[in-house]
Structures are given as C-alpha cells and as structure tokens.
K.L.:
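Below you will find the structure I want to go over with you.
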Amino acid sequence: MIIEAEGITYSYGDLVAVDHISFEVDKGEIIGFLGPNGAGKSTTVKMLTGQLNPHEGHVRVLGHDVAKEPKAVHERIGVCFEEKNLYPRLSIRENLQFFADLFDVEIDIDALLKKVDLIKWADDKVETLSKGMQQRVMFARALINDPDVLFLDEPTDGLDPISADSIRKIILAEKSKGKTIFLTTHNMSEADMLSDRLAFINEGRIVALDTPENLKLRLGKRMLKVKVRTEKGFKEESLPLDHKDTPDRAKELLENRNIATIHTQEATLDEVFIKLTGRKLEQ
Amino acid sequence: MRPSCIRSLIKKDALMSVRNNLILLGMVAGILFSLIYYALPSDVEETYEIAIFDEDSSQFMSILSMTGAGGLEFKVYDSLEGMKEAIEKGDLIAGIHIPDNFDDDVSAGRSPTLSLYFLHGASEDMMDTFEFIIRSGIEFLAVGQEPSITEYEVLGMDMAGRQVPLREQSLPFYIILALVMEMWTISTLIVEENALGTLRAVLVTPASSSDVITAKSIIGVVYSIFVVSVIMLLTQSIRGNFLALFACVMLGAMFAVSLGLFLGSLTKNITGSYVYVSVPLIILIIPAMLVFIPDVSLSIVKFIPTYYLASAIGDVLNSGAAIAAIASDLFIIAVIDLVFFLLGIFSLRRRYS
C-alpha cells in the first residue's frame, strides 16, 4: 500500500476535525475525498503530508511513518494546496526553480510550463497573474520532483472549464504512469470522473468509501423517466428501476404509443451524499 | 539541515527582499540617514566667550582672565544694555556686570555684589563652573593668593584638547539605526513566509524549519554587515582597533537577526508585524539618539540593549578602545543576542511545527 491511515484523529481544541478515520490507497490509484467545507478534508491531507501530527493513530506513506520520517516522505510527494501560496514577487520560473532547487532536481521548467499552458508567462511575476493561472502554477509546482504520490487539494478550483479539463487530463496521465493520487474536492463530477474510489467525509468521519459506481448503485435511486403526450399537453412519470411493478408499467406506456421522450436517470453523488449525511456537499 | 536547501532559501530570500519596496526603502533610508554626519560640526569649540561690563576698570577683570586658564575669552561692553542684548541674541553664552565699587568692597572686607547673565538654555554644569571661576577670582582679589586648588587629576581618559566633535559622536547612531532597520527586514521575511502560506509549501519539501531559520539568519547577518560597512565607508569611519570594531559589527548584526527572528515569530500577519516591530524599533534607537540631546543623562537607557552596542561602537571609533576596554559591553550584547536567538528559535519552531 502506498498510503495507510490507521485510526487518525486530530482536534483543534474541543473541536474534533478528524475522528478515527482509516483507509488505504494502492499504487496507481486515485482516491477522491469528497465532503463539504469543514468536514475534515484539509486536516486529513495535512496529517498525510506531515504538516500535522495525528493526535491518535498512524499514517504511513510509501512505507514511512510520516510523523517519524517526514523528510523521507517529502522527498517523494507533491502537494498542491487549496490556498494560493506562491511567492508573489518572484516570476513563475523563479518560483518553480526555487522548489526544484529545494528538491535538488534538474528539471525542464519550460516543458512543465508548456504542460500547464503557462510558457508565455514564464517570466511574469506571480502577483500579476490571475487566480486561475496561479492555480496552474501551483499544480506545476506539485509535479516538480516527479513525485510518486500527489496530494491535490481542490486542484481545479477557480479554473475555467478548458483549463480545468487540461488539469484533469494531466492527473489521469500521472495515474497512467503509476502515480498514486489523493484528491480532495467538493466538485462531484470531477470526483466521479477521476477517482477510482471515493471517500465521503462528514464531520471528521468517513461515511462511505467505495468506487463511484458502487456508491451510486448501492445508495442512489435509479429512475426511468417517461414523458407522455396527453390531451392537455405532457405528463411526466418517474419509475424506480428497481421496483417490481416498473417492467409492467413501462410496457403499458410503450404500448400506448403516446410517449414523447423516455430516458433513464442515474443516481448522482450529491444524492448519495445527502442520503448518507443529510446535508448537501456545498454546505 | 541540508546545505543545498539553505542555499536555495538564501537565494530566494535575497530576491524577495530586494523586490520588497518597503524593505529596500528601509535599507536605503538607513544608509542615507548616515549622510546627516556631514551636516554636523566637525570640530569642538572649546573656548567660551564671556561678556563683561565693568563700570570702573576693576582689577577683577585681569584676575578673571588669569583664573579662567585660557578657556575663557572676554569681550568688553560699554553698557549693561548692550551686553544683555548680545547675550540674548546668543552671541555670547554669559556676561558679568562688575559695579563701580566692587574693588573697594572687596578690599574693605565687605561682601561684593556682582551680577551674572546667562544665555537661555545654558546648562547647570556650565553655570556652576562659571560661578566657581568668579568665586575663585574674588578670593584671589581679597587675599592676594591663588585659590587653594593647585593640582588636579583626571580620572579615566583625559580628553582635554581632543574632545570628540558631534559629527563623530553621532556615528553609533547611524549604525544602530541601520541595524534596527535590518531587524525589521528579518522579521518581515519571517512574517511574510507565514502570511503568504509559502512556509507550508516549503516544509513539505526536503527543507526543514531549521533550514528556513538558518537561511533567514544568514541573510540578516550579511545584510546587516553590508549596510553597516556602506555607512562606515560613507562616513569614512573605519578606524580604531579593527578586531574590536569587527566584534561590535558582528554582535550588532547578530543582535538584529536574533531580535528580528523573535519579533517575527510573534505574529502571522504582516500588518500586525509592523506594530510588533515599530515599538521596539523606536525604543532601540533611543540610546544612540541621546548624543543629539546634550545634557540629557538617562540612566534608564541602560535597560535598552542597544545602549551597550552604542557605547562600545563609540568607544572604538572615538577613543580607539581595544577589545579589553569594551569587553563588558560586548559580553552584555552577546548574552542579549543569545537570549533573543534562543527565544526566537523556540518560538519559531513552535509556530512551524
């Protein structure tokens, strides 16, 4: 296992931010951590990356106990933070070169900047960049040491759809190279699209951990939506796919020949999350 | 600690600080302030000019010039009004009105009456000295003998004839001011790293908190020595015992760094840091500023660490003091450096962990 968290707990005073959570992540896997703000996602990342030591439990990354050997872990991980934390008075190139120097690696910075579509602004100071561009610099910084494990905290936050899509493609490309990726987000479609497994975290606890498909199948409600023409206009009927009467009712509607549209509706992760926690992800 | 990380951090901090207008302004202002040096008098006026209005050509006047031992020069006025006007205008610092029956009173054993006039703002020491000279003169006139004080001994360094001009006395002020500005630079670098969140990014690389602290300390010492050297070159004041001067500058630079580390560890917020730093900044300059406020002797300044630094620098530059002569000052500065350094490290490591 590349990441092993065992009963990790962290409190800020009386507030328990992360409450005895355990999980494992395999090599080449993308695990998505989904949860509303304040659910404990960022605190979990801080413990996994050695920024905070768990008050209880243990974290092992790449075979090293993070609390005891943080630097052995830091050599081989890349972290993309949620908040923008770049040196504003340094250029993009200077920012990346500084981190390359810290890792003592020789890297083709231009190639990295081309990858995140920032080569044109390589020598611009970070303070002059838009929020989305700064986000791409932070993502590039996380890749600077060609890490074995990537911790990405809201990596597409603030990006336009095209930039977000290019970042997602890079994430998938890194996965295909065998990199393990720990992704925290509150963007459900992104989590659904990228993650091999998803963990729903709420009030510091993991309330579900499975593949997106399994979560939706197990906890979501699959429906057949049929719109029928009537004398007064249209009437829509929703039939639960797993109900015993649905096949007969669907047959009846089809024989009627007044169907305007018919389609199936999959359960969404949002519905799954509401079902599990009683609250919405955006809360 | 990793030397390669420390090197990278130093390079980055150097770039960040020279691109920070406030830090740059502080550094340049510290240097430019030293140009006040050239606006100050370069020599010391050792002779006092005294006004005299003598109504009846008294013998007392010739006795006075003898008693004043060459430190006094007399300017005779024809009228009391003329003399008083000259003193009021500041042309002379004091004046004596000798009445017409003065010699008769003295020789008859009567208590003579004599009026003294002083320029406003004249120091008490000066007035006392002047009164002593007058009394000695009267005694001489009365008994025909010189006053009984015939021998004197100077305790400590005898500076007679080689008093230090204000210009040279002001040198410690520029150096202390520059060092205090560097203290502000260090604390800004520390606070900024926290406030920008970049510290988190650095600490998830092979760099440790010790590397960050070491890099900022090195930057601080180098900047401090650089700025002090520029000031000393501008004021042509690299002189005296080199070893003693080097010790003062090094301990001063370490003082700026250790206090900068400590103050920088007290807040995460850049605006808050200006408050945390500006108050100590003003207090620390006070001991070096006293040179511009004559006759003010505040024993309380001995509780301000820079007092010992200013004193040691002044002794080296203006009296040619060697290490042994300023050893006690250097020891106190070294202890203060160590205390603030340990406090700063302790506080920063707590913050960084």
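Residue numbers begin at 1 in each chain, while the letters A, B, ... track the order of the sequences.
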K.L.:
Check the surroundings of atom NZ in B:K11: do more than 12 heavy atoms from other residues, nucleotides or ligands lie under 6.0 Å from it?
P.N.:
no
K.L.:
Would you find more than 12 non-hydrogen atoms of other residues, nucleotides or ligands less than 6.0 Å from B:F33 atom CZ?
P.N.:
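Counting other residues, nucleotides and ligands, CZ of B:F33 stays at 12 neighbours or fewer.
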K.L.:
Could you please spell out the steps behind the side chain to side chain contact (heavy atoms under 4.5 Å, CB included) verdict for A:H74 and B:V204?
P.N.:
CA-CA 5 Å; A:H74 292 157; B:V204 292; 4.1 Å; yes
K.L.:
Evaluate whether atom OH of A:Y12 has more than 12 neighbouring non-hydrogen atoms of other residues, nucleotides or ligands under 6.0 angstrom away.
P.N.:
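Yes.
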K.L.:
Name the region of B:R2, side chain, backbone, both or neither, that has any atom closer than 4.5 Å to a heavy atom of chain A.
P.N.:
side chain
K.L.:
Determine the option with the most heavy-atom pairs under 4.5 angstrom with chain A, choosing from B:I6, B:L15, B:N20.
P.N.:
B:N20
K.L.:
Taking atom NE2 of A:H64 as the centre, report whether more than 12 heavy atoms of other residues, nucleotides or ligands fall under 6.0 Å from it.
P.N.:
yes
K.L.:
Does anything in residues 131-160 of chain A reach chain B? List residues with heavy atoms under 4.5 Å apart, or say none.
P.N.:
A:R141
K.L.:
Report, by ascending residue number, the residues of residues 82-95 of chain A in heavy-atom contact with chain B at a distance under 4.5 Å; give 'none' if the set is empty.
P.N.:
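Heavy-atom contacts from residues 82-95 of chain A to chain B are A:E83, A:K84, A:N85, A:L86, A:Y87, A:P88, A:R89, A:L90, A:S91, A:E94.
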K.L.:
Hey, does B:R200 have a side-chain heavy atom less than 4.5 Å from the side chain of A:K46?
P.N.:
yes
K.L.:
Show which side-chain atoms of residues 170-180 of chain B pair as donor or acceptor with protein atoms under 3.5 Å away, not counting sequence neighbours.
P.N.:
residue, atom, partner, partner atom, Å
B:S170, OG, B:R167, O, 2.6
B:S170, OG, B:Y174, OH, 2.8
B:Y174, OH, B:Y37, N, 3.1

K.L.:
Hey, which residues of residues 97-123 of chain A are touching chain B, say heavy atoms under 4.5 Å apart?
P.N.:
A:F98, A:F99, A:D101, A:L102, A:F103, A:D104
K.L.:
Decide yes or no on side chain to side chain contact (heavy atoms under 4.5 Å, CB included) for A:Q51 and B:L203, but give the supporting numbers first.
P.N.:
CA-CA 8 Å; A:Q51 297 174 69; B:L203 294 182; over 6 Å; no
K.L.:
With a 6.0 Å cut-off (strictly less than), is the heavy-atom count around CE of A:M1, excluding the residue itself, greater than 12?
P.N.:
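More than 12 within 6.0 Å, yes.
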K.L.:
Would you say CZ of B:F303 has more than 12 non-hydrogen atoms from neighbouring residues, nucleotides or ligands within 6.0 angstrom?
P.N.:
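Count not over threshold, so no.
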K.L.:
Taking everything shown except A:F23 itself, do over 12 heavy atoms lie less than 6.0 Å from its CZ?
P.N.:
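It does: A:F23 CZ has more than 12 such atoms within range.
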